[in-house]
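Take a look at the structure below.
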Amino acid sequence: MESGPAIFAGAAFTLFGGALLLWTTVRTLHREPVAYGVAPRTALAATSLFGTAFVVLGLWCFGRL
């Protein structure tokens, strides 16, 4: 009964984190700004940190099954 929400949350967190990391990588490789109005290194660090955190959180949810 508890596995349904854990699967949904794990999938949502993992997909969002993976998409954020992919988007950040593509923007960085094309030398385009990751976030407007923010220093490039700060934006890269913040989005990489949050993307990794979301992937880890999603994997943690899957580990709770």
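Between P33 and Y36, some side-chain heavy-atom pair lies under the 4.5 Å cut-off. You'll find the side chain of F62 reaches within 4.5 Å of the side chain of T14, heavy atoms only. Looking only at side-chain heavy atoms (C-beta outward), P40 and V34 stay at 4.5 Å or farther from each other. The shortest side-chain heavy-atom distance between L20 and F50 falls under the 4.5 Å cut-off.
Contact between C61 and A9 at its shortest, heavy atoms only, is SG-CB, 4.1 Å.
Each of V55, L57, L59 was scored for a side chain to side chain contact (heavy atoms under 4.5 Å, CB included) with F13, with one residue passing: L57.
Remark: T24 OG1 to L44 CG distance equals 7.0 Å, nearest 0.5 Å. Atom CH2 in W23 sits 6.5 Å away from atom OG1 in T47 (nearest 0.5 Å).
Using the six-membered ring where Trp is involved, F54 and F16 have ring planes that are perpendicular, over 60° apart on the 30 and 60° scheme.
Side chain of T25 to backbone of L21: a donor-acceptor contact under 3.5 angstrom is found.
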